[in-house]
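Structure record follows, encoded as structure tokens.
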Amino acid sequence: QVKLVESGGGLVQPGGSLTLSCGYSGGTFSNYAMAWFRQAPGKEREFVGSIVRTGISTPVADSMKGRFTISRDNAKKTLYLQMNGLKPEDTAVYYCAARNTFFYSGTQKDYDYWGQGTQVTVSA
């Protein structure tokens with residue numbers, strides 16, 4: 001059974017940086033397209049970005065462009081989200097997700113497995 005575990009969240013000041021990790025177990029990581037989503041308080045879960053097994057990633061959502069970068073290490077079975085220039089509006093629970101296909105998707109229902117989420121709070 002595939003299991004995803006996010007880590008690296010926390011409290012950070014505006015303008016700061018965090019790197020989230022998503023550890024994968026239970027299958028062949030390189031077979032999966034991976035993605036990050038986030039859900040802010042009182043809002044729907046939104047797509048952050050995704051990456052296929054070759055390391056090609058989608059552009060992240062406009063509000064995160066130029067600040068967030070998605071990457072993966074297939075040998076370590078880990079997905080990353082590097083976040084720079086954090087803003088209070090980036091406060092959310094961040095989730096990683098996996099789908100057993102080469103192709104990425106920005107749609108939640110296309111993903112087969114989800115982590116439990118990690119909280120990111122951006123506040124002075």
Side-chain angles (χ1 to χ4, degrees):
Q1 179 72 7
V2 171
K3 184 177 180 181
L4 303 174
V5 179
E6 301 95 336
S7 60
L11 174 64
V12 62
Q13 293 188 341
S17 298
L18 279 177
T19 298
L20 305 184
S21 299
C22 173
Y24 168 100
S25 61
T28 305
F29 180 68
S30 60
N31 285 350
Y32 287 77
M34 303 294 294
W36 288 100
F37 290 79
R38 71 181 186 180
Q39 188 166 19
K43 295 188 176 181
E44 305 234 334
R45 192 172 298 185
E46 67 171 331
F47 176 67
V48 173
S50 61
I51 188 168
V52 299
R53 66 171 182 242
T54 57
I56 298 172
S57 60
T58 59
V60 296
D62 286 347
S63 62
M64 304 162 226
K65 204 164 288 184
R67 301 187 298 122
F68 288 15
T69 303
I70 296 173
S71 61
R72 64 190 291 165
D73 186 329
N74 288 340
K76 294 183 178 179
K77 298 184 179 182
T78 304
L79 173 73
Y80 301 100
L81 179 64
Q82 173 68 44
M83 305 185 292
N84 300 321
L86 284 162
K87 304 176 181 180
E89 51 265 42
D90 295 318
T91 295
V93 178
Y94 285 73
Y95 299 89
C96 63
R99 63 191 303 245
N100 190 3
T101 178
F102 176 83
F103 301 100
Y104 48 63
S105 171
T107 305
Q108 293 182 55
K109 65 177 180 63
D110 288 340
Y111 286 86
D112 306 304
Y113 302 100
W114 291 81
Q116 82 289 348
T118 186
Q119 175 70 48
V120 172
T121 302
V122 185
S123 175

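When a residue number appears, it is its place in the shown sequence, counting from 1. Predicted model only: the values in this text are computed from it and were never measured.
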List for me each residue that meets side chain to side chain donor-acceptor pair (under 3.5 Å) alongside [X], sequence neighbours excluded, and say none if there are none.
X      : result
Asp110 : Ser105
Gln108 : none
Ser71  : none
Thr101 : none

- Query: According to the disulfide (SG to SG under 2.5 Å) rule, which pairs have a member within residues 37-124, sequence neighbours left out?
  - Reply: Cys22-Cys96
- Message: Can you pull out every disulfide (SG to SG under 2.5 Å) where at least one residue sits in residues 37-92? Sequence neighbours excluded, please.
- Response: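 Found none.
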- Item | All pairs passing side chain to side chain donor-acceptor pair (under 3.5 Å) where residues 7-18 contributes a residue, at least two apart |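 Residue pairs passing side chain to side chain donor-acceptor pair (under 3.5 Å), neighbours aside: Ser17-Asn84.
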Are [X] and [Y] close enough that some pair of their side-chain heavy atoms sits under 4.5 Å apart?
X      : Y      : result
Thr121 : Val12  : no
Asn31  : Asn100 : yes
Glu6   : Gln116 : yes
Ile51  : Ile56  : no

- Task: Evaluate side chain to side chain contact (heavy atoms under 4.5 Å, CB included) for Val48 paired with Leu81, printing each intermediate quantity in order.
- Result: CA-CA 9 Å; Val48 173; Leu81 179 64; 4.2 Å; yes
- Message: Filter on ring-ring contact (aromatic ring centres under 6.0 Å, His included), then keep only pairs touching residues 2-48, sequence neighbours left out; what's left?
- Response: Tyr24-Phe29, Tyr24-Tyr32, Phe37-Phe47, Phe37-Tyr111, Phe37-Trp114
- May I have all residue pairs that pass ring-ring contact (aromatic ring centres under 6.0 Å, His included) and include part of residues 54-77, sequence neighbours excluded?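 Sorted pair list comes back empty.
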- Carefully, step by step, assess Ile70 and Val60 under the rule side chain to side chain contact (heavy atoms under 4.5 Å, CB included). CA-CA 8 Å; Ile70 296 173; Val60 296; 4.2 Å; yes
Which atoms form the tightest heavy-atom contact between [X] and [Y], and what is the distance?
X      : Y      : answer
Ala33  : Phe103 : CB-O, 3.4 Å
Thr78  : Ser21  : CG2-CB, 4.1 Å
Ala35  : Ser50  : CB-CB, 3.7 Å
Thr118 : Gly9   : OG1-N, 3.2 Å

- Task: Tell me, with the steps shown, if Met83 and Thr69 meet side chain to side chain contact (heavy atoms under 4.5 Å, CB included).
- Result: CA-CA 7 Å; Met83 305 185 292; Thr69 303; over 6 Å; no
Side-chain donor-acceptor contacts of residues 87-94 below 3.5 Å, not counting sequence neighbours, with atom names and distances?
residue	atom	partner	partner atom	Å
Asp90	OD1	Arg38	NH1	2.9
Asp90	OD1	Arg67	NH2	3.0
Asp90	OD2	Arg67	NH1	2.7
Asp90	OD2	Arg67	NH2	3.4
Asp90	OD2	Lys87	N	2.8
Thr91	OG1	Pro88	O	2.9
Thr91	OG1	Val122	N	2.9
Tyr94	OH	Arg38	NH1	2.9
Tyr94	OH	Asp90	O	2.7

- Task: Please list, chain by chain and in numerical order, all residues satisfying side-chain contact (heavy atoms from CB on, under 4.5 Å) with Ser30, sequence neighbours excluded.
- Result: Thr28, Asn74
- Residue list, salt bridge (charged side-chain N to carboxylate O under 4.0 Å, His left out) with Lys65, at least two apart or on another chain: Asp62
- Task: Quick one: pull up OG in Ser25 and CD in Gln1 and give me the separation to the nearest 0.5 Å.
- Result: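 So the OG of Ser25 and the CD of Gln1 are separated by 9.5 Å.
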- Message: To the closest 0.5 Å, what do you measure between OH (Tyr113) and CG (Leu4)?
- Response: 9.5 Å
- Message: Walk me through whether Gln39 and Glu46 qualify under side chain to side chain contact (heavy atoms under 4.5 Å, CB included).
- Response: CA-CA 6 Å; Gln39 188 166 19; Glu46 67 171 331; over 6 Å; no
